[in-house]
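Working notes, structure below.
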Amino acid sequence: MIEVRYERGVYLPQQDFWLDPWDAKSFAFVSHAHSDHIAPHQEVIVSERTARLMRVRLPGSRIEHPLPFGERRSIRGVDLMLLPAGHIFGSAQCLVFAGQETLLYTGDFKLRPGKSAEEPEWRHAETLVMETTFGRPRYRFPPTKEVIDQMVAFCVETIDATEVPVLLGYSLGKAQEILCALEGAGLTPMLHGSVYQITRIYEQLGQSFCKYMRYNRNDVAGKVLICPPSANRSPMLEKIPRKRIALISGWAVDPHAVYRYQVDAAFPLSDHADYDDLLRYVELVQPRRVLTLHGFAAAFASDLRARGLDAWALTEENQMELHFGRREMARKCLPTNSATARLPNESAQQSEFLDFANVGEAIGATPAKLEKIRLLSDYLRGLTGEQLPIVATYFTGRAFAQSDPRILQVGWAVIFRALQEATRIGDSEFHRSAGRHGDAGKTAFEVLDGRTAPHPFSVMESAELFQNLHRARGSIAKAQLLRQRFSVLSPREGQYVVKILTGDLRIGLREGLVEEAISKAFDVSLDEVKQANMLLGDIGRTALLASQKELHSAELSLLRPIKCMLATPEPSADAVWNRFMEAAGIERDQSGSSIPGTVYVEDKFDGIRAQLHRSRDSVEIFSRDLRRITGQFPELVEQARRFDQELIADGEIIAFDKGRRLTFFDLQKRLGRKDDTSDLFAGAAADVPVVFVIFDLLWMNGRSLLKTPLRERREQLGTLVLPPQFHRANVTPARSAAEIEQIFQDARRRLNEGLMIKDSESFYLPGTRGMFWFKLKRELATLDVVVVAAELGHGKRNDVLSDYTFAVRDETTGELLPIGKAYSGLTDVEIAELTEHFKQNTITDHGRYRRVQPNVVLEVAFNSIQPSTRHASGLALRFPRIKAIRRDKNVDSIDTLQYARELAIRSGN
DNA sequence: AGTGTCTGCCCC
DNA sequence: ATTCTGC
DNA sequence: GCAGAATGGGCAGACACT
């Protein structure tokens, strides 16, 4: 086989011949005239057209051998032939003959036909040396015509909006391809100077184009600007106020290309072969050996080996997709490992918060979880120790850590007010924008766009902003602070400030994926990260510890809350039992151990999940989301001091008086109430007495019980002496689905909402909703109701009527009285159908909200029903959800107000 | 002072 | 809380 | 199976408005 080496260019030592070397050599083949290829070699082999282009781009003297395509020649003892490569005008492949052996070097090439490059040709060769810029399966380009149509549509729309379309493509090759693509679309291209110059040379070489103009800054209106990518963010373009920029490149298929390259649109028109064409080319050439270079060389070689070919990468530069346009740009492009790689010549000032927002956009743009994690971890890795905890917290949609007691007291009203004042937009326009999106973040982006004077916003400044918002008293002061900031933020930054304020990032990434990104970024185990985050309740601090490899310093300790174990809902005793059988079956297969046969059944309590920490001299109570609620239950704290042991107990606080369980409704009355510690037993505590029902023991006398089976935990719990106002949850063992069902029926008779069913051998798994605890609930009753109004949803449901107000009939007057609203329970398809129906059955249209003909009957389920002033019926449902669309019923057969009242009375409310 | 509006990692 | 959806 | 998004009602508290 012909020997091949690689050293900043392909080298054939037996022939002493270089192929596309970066540095000046005595004798080399130059495949095409891109500037990175045309070093001042002494003697070159080129195609005739490349020779012409090269003379313009690299003046000076050298020995040239301009060869026609398809003719075999011998030059300086090298036996070779050039073939068209289809990459750009004049681009060539080089076929080298050595005895019986041949080697085909592709240079840059593509197979799909272009309008300004020759048709590619190929020959069989034993060795194929090929470029693999797009050697990954995700780079499959759509049909060229489709891309061109999109590109033309982009230009037309932009001009219609009286803005200037700017298309970015290399001045040699890509720009001319774009020019050809625009032919016949009725558009007038205007060429950047460097593009103009090259295009003229093309014309001298016999290529013809549609009519075009040279760039003239006073005449851009209605034209399509074609510029090299380096012009993005350049002073020239900055002078054009209203423009939309599109990148024309194979990298456009990356879902986050728009954010990475800071453009408004991106179209995948490439002069390189895509993944499928790379594979196809290998099949056409039928080589015995393949050597890959550029782009994803290693990955592509590995794919070929998986197909049984002898294939190896000549370089290991696998990061090329980060350097836009590879070699041509690589020299000018800053090296970067971040997801925010930018085109060269970016404006000098950089905003850290904009980086953060752009990473968020990139994460939101890809649906793939692993890609999200990769983007985030790359970004986190590049942050300072000061920034890291702040930004990690932002990515969970919070301004402050979970365990941080600070709250912002900033909601929609304050945000909208601040936006409106910052932009001085009139009410009607503002509400039109807000109404169109149903998403505060998007509204912020839209209204801020072009109405602010952005300047850089650092991560630390953003932390100060949130701190100040927290400190400010009153919605007016908060709105004022926000307004000041909005007016100096870019729209994207404003959008992300709003996203954090509303706690809704909506980029398909929440705490779980942030944990994974931290694990990946700092090369620590995911378990350790989760463990530390659970213990600290602070993802930012967790990230910082991870970066310092200090995660082990977080430990389970008394007086620091841990996440609680959750139960998976199941609709029937059979379903629950089957789950246990499945789990036991799997376990038996693996370990040979026997099925436990017995599960623990407890009442499900309708109160507040709570965690009691009792140390030698203090007591704390935490809610299920780790908030400290000690102050709300002073009498429980007082009683808890009587425990003999130090312990952490898991349980439920329920309203309880005179030996009788009260409802959640009763408990709620004292929940938000502020307690006056000087008057412990006077107010709220006396009003609504509570008890703490303990059902699990997590820690006792210095020992963690998390990895002790439930059976043993319950045994220990059984030995505790309980102070007044502390109860122990009863456990009933069950050995079959029928037994569970029996216990469930009993619970029902006691008007209990359901059961908890637990694997007696399971460990306590904080924060997980696993296959060890289940909850069994069933509706007491359902109501048949009729929809009287429909509203547009939010986020991705912004265009559908997904939110329904429904009514029952008052028998005495015949009136339809609203009793609740629901969205939950319908599939997207059903929502789409109902949207269509309601649009055609609208009585009055108030924009986002419309009253509709009462002709759709829903069966709704609910957790409880109680008196309320919210709806005209005087009743309200807790956790309403749609069970079914009752197409078999009409408005005459819905349930009555009288029946609903009966249900409310029967359930004790 | 009385009423109305908004908010809450609200609680479920 | 609940439910559906995409991975 | 998991994680995420998009939805429900109700209370007390804090402030704004009149």
Side-chain angles (χ1 to χ4, degrees), chain A residues 366-372 393 396-417 438-439 473-478 500-516 537 568-569 605-610 623-627 629 632 652-653 663-674 684 753 768-771 775 777 791 793-798 800 802-806 819-831 860-871 875-883:
Chain A
T366 170
K369 284 203 291 191
L370 292 175
E371 180 68 4
K372 289 173 194 282
T393 306
T396 62
R398 298 184 181 119
F400 306 125
Q402 181 178 41
S403 56
D404 188 329
R406 284 179 294 174
I407 51 170
L408 288 164
Q409 287 284 130
V410 172
W412 304 78
V414 171
I415 293 168
F416 284 164
R417 180 177 191 153
D439 175 315
R473 291 290 124 224
S475 52
I476 292 176
K478 287 173 198 277
I500 293 168
L501 289 174
T502 59
D504 235 348
L505 246 41
R506 294 188 189 180
I507 57 173
L509 169 125
R510 289 217 279 214
E511 195 153 7
L513 297 193
V514 179
E515 287 173 336
E516 292 197 40
T568 305
F605 298 98
D606 192 11
I608 296 172
R609 183 77 177 266
S623 70
R624 106 201 222 117
D625 51 2
L626 315 190
R627 294 213 89 73
I629 51 174
Q632 294 187 33
E652 190 102 354
I653 294 173
T663 63
F664 180 78
F665 185 62
D666 297 309
L667 178 62
Q668 209 175 10
K669 286 179 182 143
R670 68 170 278 185
L671 273 186
R673 211 176 283 182
K674 283 245 159 115
E753 64 164 350
T768 57
R769 194 185 296 279
M771 292 294 110
K775 56 182 161 187
K777 277 206 280 194
E791 271 177 84
H794 294 93
K796 67 180 179 183
R797 300 203 193 290
N798 194 37
V800 287
S802 64
D803 189 341
Y804 311 119
T805 302
F806 47 78
I819 192 171
K821 289 171 75 173
Y823 132 82
S824 184
L826 294 182
T827 63
D828 289 354
V829 173
E830 288 171 318
I831 291 173
V860 292
F862 46 90
N863 182 304
S864 68
I865 181 167
Q866 65 194 34
S868 156
T869 56
R870 178 173 290 255
H871 300 293
L875 292 170
L877 308 177
R878 181 151 76 119
F879 311 149
R881 64 249 180 212
I882 301 165
K883 270 282 154 201

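Chain letters run A, B, ... following the sequence lines, proteins first, then strands; residues in each count from 1.
- Residue A:Asn863 is classed as having no contact, given no heavy-atom separation below 4.0 Å to the nucleic acid.
- Both A:Leu875 and A:Glu511 lie close to DNA chain D; mapped to their nearest nucleotides by heavy-atom distance, the more 5′-ward contact belongs to A:Glu511.
- A salt bridge links A:Glu791 with A:Lys821: the distance from a Lys NZ or Arg NE/NH1/NH2 to an Asp or Glu carboxylate oxygen falls below 4.0 Å.
- Counting any heavy atom pair closer than 4.0 Å across all strands shown, A:Ile882 reaches no nucleic acid atom.
- As judged by a 4.0 angstrom heavy-atom cut-off over every strand, A:Leu626 is placed among residues making no nucleic acid contact.
- Looking only at atom types and distance, the side chain of A:Thr502 has no donor-acceptor partner in the side chain of A:Asp504 under 3.5 Å away.
- Base engagement by A:Arg510 is indicated by at least one non-hydrogen atom pair under 4.0 Å involving a base atom.
- Residue contacts shown for A:Leu513 are limited to sugar-phosphate atoms, with no base heavy atom under 4.0 Å away.
- Backbone-only contact: A:Ile476 has heavy atoms under 4.0 Å from sugar-phosphate atoms and none from a base.
- Counting any heavy atom pair closer than 4.0 Å across all strands shown, A:Thr396 reaches no nucleic acid atom.
- Residue contacts shown for A:Arg627 include a base, since a base heavy atom lies under 4.0 Å away.
- Between A:Arg506 and the phosphate of D:dA5, there is no side-chain N or O to OP1/OP2 separation shorter than 4.0 Å.
- A salt bridge links A:Arg797 to A:Asp828: at least one charged side-chain nitrogen sits closer than 4.0 Å to a carboxylate oxygen.
- Within the nucleic acid shown, A:Lys777 comes within 4.0 Å of sugar-phosphate atoms alone, with no base atom in reach, counting heavy atoms only.
- Here A:Lys478 lies out of heavy-atom contact (under 4.0 Å) with every strand.
- Checked by atom type and distance alone, the side chain of A:Lys777 never pairs as donor or acceptor with a backbone atom of A:Asn863 at under 3.5 Å.
- An OP1 or OP2 oxygen of D:dT7 is reached within less than 4.0 angstrom by a side-chain nitrogen or oxygen of A:His794.
- Comparing D:dC11, C:dT3, B:dC12 by their closest approach to the side chain of A:Tyr823 singles out C:dT3.
- Comparing A:Val514 and A:Asp803 along DNA chain D, the residue whose closest nucleotide (by nearest heavy atom) sits nearer the 5' end is A:Val514.
- Among the atoms of the strands shown, only primed sugar atoms or phosphate atoms (P, OP1, OP2) are found under 4.0 Å from some heavy atom of A:Ile507.
- Nucleic acid contact class of A:Gly607 (heavy atoms, under 4.0 Å, all strands): sugar-phosphate only.
- When heavy atoms are screened at a 4.0 angstrom cut-off, A:Gln409 is found touching the sugar-phosphate backbone but no base atom.
- The listed nucleotides are C:dC4, B:dC12, D:dC11; the one nearest the side chain of A:Phe665 is D:dC11.
- Side-chain N/O atoms of A:Lys775 include one lying less than 4.0 angstrom from OP1 or OP2 on C:dT2.
- Contacts of A:Leu408 with the nucleic acid, taken as non-hydrogen atoms under 4.0 Å apart, are absent.
- The residues A:Asp606 and A:Arg878 are annotated as salt-bridged, a charged nitrogen and a carboxylate oxygen being separated by less than 4.0 angstrom.
- Between the side chain of A:Lys372 and the backbone N or O of A:Ile507 there is at least one donor-acceptor pair closer than 3.5 Å.
- In the set B:dC12, B:dC11, D:dA6, the nucleotide with an atom closest to the side chain of A:Gln668 is B:dC11.
- Distances from the side chain of A:Met771 to the nucleotides B:dG8, D:dG1, B:dC12 place D:dG1 closest.
- On the P atoms, D:dT7 is 22 Å away from B:dC12, given to the nearest whole Å.
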